[in-house]
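Report on the following structure.
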Amino acid sequence: MARIHPVLLSGGAGARLWPLSREGLPKQFLSLIEGPTLLQQAALRAHDPDLFEPVRVIASVQHRFVVAQQLQEIGIPVSSIVLEPSARNTAAAAAIAALTVSEADPEGLLLLMAADHRIADVAAFHAAIRNASEAASNGFLSLFGITPDTPATGYGYIRLGEGLAPVENAHRVAAFVEKPDRATAEGYLAGGDHLWNSGIFLLPVSVFLSELARLEPELLGHAREALARATRDTDFLRLDQDAFARCRSVSIDHAVMEHTDRLAVVPVDCGWTDVGSWSTLAGMTGCDASGNTTVGEVLSEGTTNSYLRSEGPLLATVGIDNLIVIATPDAVLVAHKDHDQDIKKIVDRLRGGNHGRI
C-alpha cells in the first residue's frame, strides 16, 4: 500500500463559535468539552506509525506558536508546519499540501483533514481510510461521506452513485448538494442515498496535482511559486506572501471535486462532526433533566433546552427556552438555537466596525 501522509488544515476562523472562538485563538485551539484541543485530537488520530507518515500542518502565520506548543504538549512528531501569510481558502492550502508531499513521496497518498473536526470512533475512521486507500491507489480522489443520523441542515450532502468495482464500499459521486432546508434533509435521511460531506479526502498526490493543473492551472502555479520562494524560520516554513496572495480564493470542492471524473466517496459512520455551531457542540455533551447543558458558573431558573456557558462572570437565566447564552469577559452572546448559523453575521459586522472583539 502506498504511504499515507496526513496533513491538517488549521487556517479556519471558527466564527460561528464566537465569542469563545476568536481570530487570535479560533476553535481548533480550544478545549471545548474536556481534554485535548481539536487540533490535538486531529493530530492524535493521525498518529499511527503502522498507517501514517508523520503529520504535517498548514496554519496561519499568526497561530504558529500555539500550533507548535499544542503539538509539543502531546508529543506528536511533526514533519513540517507550513505557514500561510493570508487566508486563501482550502484549494490553495490543498495545493500546498500536495506539493510538499509530492516532494517527499511522489507516489504517496495525501490524507487532507481539517484540524477543527471531532471524530468519536477513531477505529472506524481508520478502517475507512484503509478501505479508501484501495480506491486512491487505483487513481481515485477519495472523499469520506458521513452516514447521517439526523436531518442536519448545516452540512452539504453527497448523493451516492454506482458502486466503484472492485473496491469494496466505495461509490461514484452522483451529485454534490448544498445545505438543504429541513424538509429536504428529512427526505435525504429517509432515502438512505445521501451522505454528509465531511471535507476529508484521501488523494493520490500525483493524480490530484494533475487535476489541479487541468482545472486550476493559475492557482497551482502561484502555489508552486509560493513554495519555491518559501523561507525557513526555525521549525516553520513560511510561504512567500506575494505569490500565495495571488492564489484564487476557492474551496477544494468548487475548484476540483465538483468537476473531476476521478472522484469516489467512501461511506463511514465514525461519530464525525465539524463542531461548526453552538447547537452542534450542545449535542455532543450531556444535559440535565431540563435539557440544559451548563459550563462554568451558571444559575438557571425555569430554563429549558438551552446551552449556557460562562468563561468568567456569573451567568444567570430565568424563564428561557431553546437558547444559547455564552458569556466571556468582554462579550455576551444570546441566540436562538435555530439561528446559530447566523452568528457569523455578527462577527462580520464586528469586523467591519473595528470593534476589536473578534
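Taking the six-membered ring for Trp and thresholds of 30 and 60 degrees, F236 and F65 have ring planes more than 60 degrees apart, a perpendicular arrangement.
Scanning all heavy atoms of the two residues, the minimum distance from V61 to P85 falls at CG1-CA, 4.3 Å. The two residues A245 and S86 have their closest heavy-atom pair at CA-OG, 4.3 Å. Heavy-atom minimum distance, L164 versus A264: CD2-CB, 3.6 Å. Heavy atoms only, all atoms of each residue included: S310 and L314 are closest at OG-N, 4.5 Å. Counting all heavy atoms, side chain and backbone alike, P26 lies closest to H63 at CD-NE2, 3.5 Å. Residues I343 and L333 share a closest heavy-atom pair of CD1-CD2, 3.5 Å.
Atom CG of L220 is separated from atom CZ of R224 by 4.5 Å, given to the nearest 0.5 angstrom. To the nearest 0.5 Å, atoms CD (Q70) and CG (L30) are separated by 8.0 Å. A distance of 6.0 Å separates CD1 of I252 from OG1 of T90, quoted to the nearest 0.5 Å. Distance check: L189 CG to T150 OG1 gives 7.0 Å after rounding to the nearest 0.5 Å. Residue E134 holds its CD atom at 15.0 Å from CD1 of I129, rounded to the nearest 0.5 Å. To the nearest 0.5 Å, the span separating CZ on F29 from CZ on R22 amounts to 16.0 Å.
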Review point. Should I146 and L195 be marked as a side chain to side chain contact (heavy atoms under 4.5 Å, CB included) after you check the CA-CA gap, both sets of side-chain angles, and the distance that decides it?
Key: CA-CA 5 Å; I146 306 301; L195 305 172; 5.8 Å; no

Check your understanding: Is there a side chain to side chain contact (heavy atoms under 4.5 Å, CB included) between D274 and R16 once you walk through the steps?
Key -> CA-CA 11 Å; D274 71 349; R16 287 173 293 175; 4.3 Å; yes

Check your understanding: Yes or no on side chain to side chain contact (heavy atoms under 4.5 Å, CB included) for Q341 and S277, after CA distance, side-chain angles and deciding distance?
Key -> CA-CA 7 Å; Q341 294 291 325; S277 68; 3.7 Å; yes

Check your understanding: Please walk me through it: do L20 and L25 pass side chain to side chain contact (heavy atoms under 4.5 Å, CB included)?
Key -> CA-CA 9 Å; L20 189 58; L25 198 69; over 6 Å; no

Exercise for review: Verify salt bridge (charged side-chain N to carboxylate O under 4.0 Å, His left out) between R3 and E107, making sure each step is shown before the conclusion.
Suggested key: CA-CA 8 Å; R3 294 186 295 168; E107 302 305 315; over 6 Å; no

Exercise for review: Report the C-alpha distance between Y155 and H194 in whole Å, list the side-chain angles of each, state the deciding distance to 0.1 Å, and finish with yes or no for ring pair (Phe, Tyr, Trp, His ring centres under 6.0 Å).
Suggested key: CA-CA 11 Å; Y155 298 143; H194 284 78; over 10 Å; no

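Between the side chains of T317 and S300, no donor N or O sits under 3.5 Å from an acceptor N or O. Looking only at atom types and distance, the side chain of H222 has no donor-acceptor partner in the side chain of E218 under 3.5 Å away. For the 3.5 Å distance criterion, the side chains of S60 and E84 fail to qualify, holding no donor opposite an acceptor. At a cut-off of 3.5 Å, with distance as the only test, no side-chain donor of N305 or N322 sits close to an acceptor on the other residue. Remark: the E211 side chain and the T260 side chain contain an N/O donor-acceptor pair separated by less than 3.5 Å. Donor-acceptor pairing under 3.5 Å is recorded for the side chains of D330 and T328.
In this structure, T293 contributes its side chain and G286 its backbone to a donor-acceptor pair below 3.5 Å. Here the side chain of D48 pairs no donor or acceptor atom with the backbone of F52 at under 3.5 angstrom. At least one donor-acceptor pair closer than 3.5 Å links the side chain of S31 to the backbone N or O of G35. Side-chain atoms of S102 do not come within 3.5 Å of backbone N or O of A98 as any donor-acceptor pair. Between the side chain of T184 and the backbone N or O of P180, no donor-acceptor pair lies under 3.5 Å. A side-chain donor-acceptor contact under 3.5 Å links H171 to the backbone of G161. A donor-acceptor pair under 3.5 Å is formed between the side chain of H259 and the backbone N or O of H254. Remark: side-chain polar atoms of S306 are paired, donor with acceptor, to backbone N or O of T304 under 3.5 angstrom. No donor-acceptor pair closer than 3.5 Å links the side chain of R309 to the backbone N or O of G296. For the pair R172 (side chain) and D261 (backbone), a donor-acceptor distance under 3.5 Å is present.
Counting heavy atoms of neighbouring residues, nucleotides and ligands inside a 6.0 Å radius, atom CD of E168 does not exceed 12 of them. Around CD of Q72, the count of heavy atoms belonging to other residues, nucleotides or ligands within 6.0 Å does not exceed 12.
Of the residues D342, D348, D340, the one that meets the salt bridge (Lys or Arg N to Asp or Glu O under 4.0 Å) test with K344 is D348. In summary, of the residues considered (F125, F201, W272), a ring-ring contact (aromatic ring centres under 6.0 Å, His included) with F144 occurs for F125 alone.
Under a hydrophobic clustering in which Ile, Leu, Val, Met, Phe, Trp and Tyr are joined whenever their side-chain heavy atoms come within less than 4.5 Å, directly or via other members, L141 and V7 fall into the same cluster. I320 and W278 end up in different hydrophobic clusters when Ile, Leu, Val, Met, Phe, Trp and Tyr side chains are linked at under 4.5 Å. Residues L9 and V67 are members of separate hydrophobic clusters, defined by side-chain heavy-atom contacts under 4.5 angstrom among Ile, Leu, Val, Met, Phe, Trp and Tyr. By the criterion of side-chain heavy atoms lying less than 4.5 angstrom apart, applied directly or through intervening Ile, Leu, Val, Met, Phe, Trp or Tyr residues, L299 is not grouped with I324; the two fall into different hydrophobic clusters. Hydrophobic clustering, with ILVMFWY side chains joined whenever heavy atoms are under 4.5 angstrom apart, keeps V82 apart from L71.
Within the 4.5 Å cutoff, the side chain of R351 has heavy atoms near those of the E23 side chain. You'll find the side chain of I58 reaches within 4.5 Å of the side chain of I96, heavy atoms only. In this structure, the side chains of S79 and E53 stay at 4.5 Å or more apart for every pair of heavy atoms. V295 places a side-chain heavy atom less than 4.5 Å from the side chain of Y307. Side-chain contact between L202 and F140: absent, with no pair of heavy atoms (C-beta onward) separated by less than 4.5 Å. Under the 4.5 Å side-chain criterion, counting only non-hydrogen atoms from C-beta, L237 is not in contact with I81. Within the 4.5 Å cutoff, the side chain of H5 has no heavy atoms near those of the L111 side chain. Side-chain contact check for D321 versus T303: every heavy-atom pair is 4.5 Å or farther apart.
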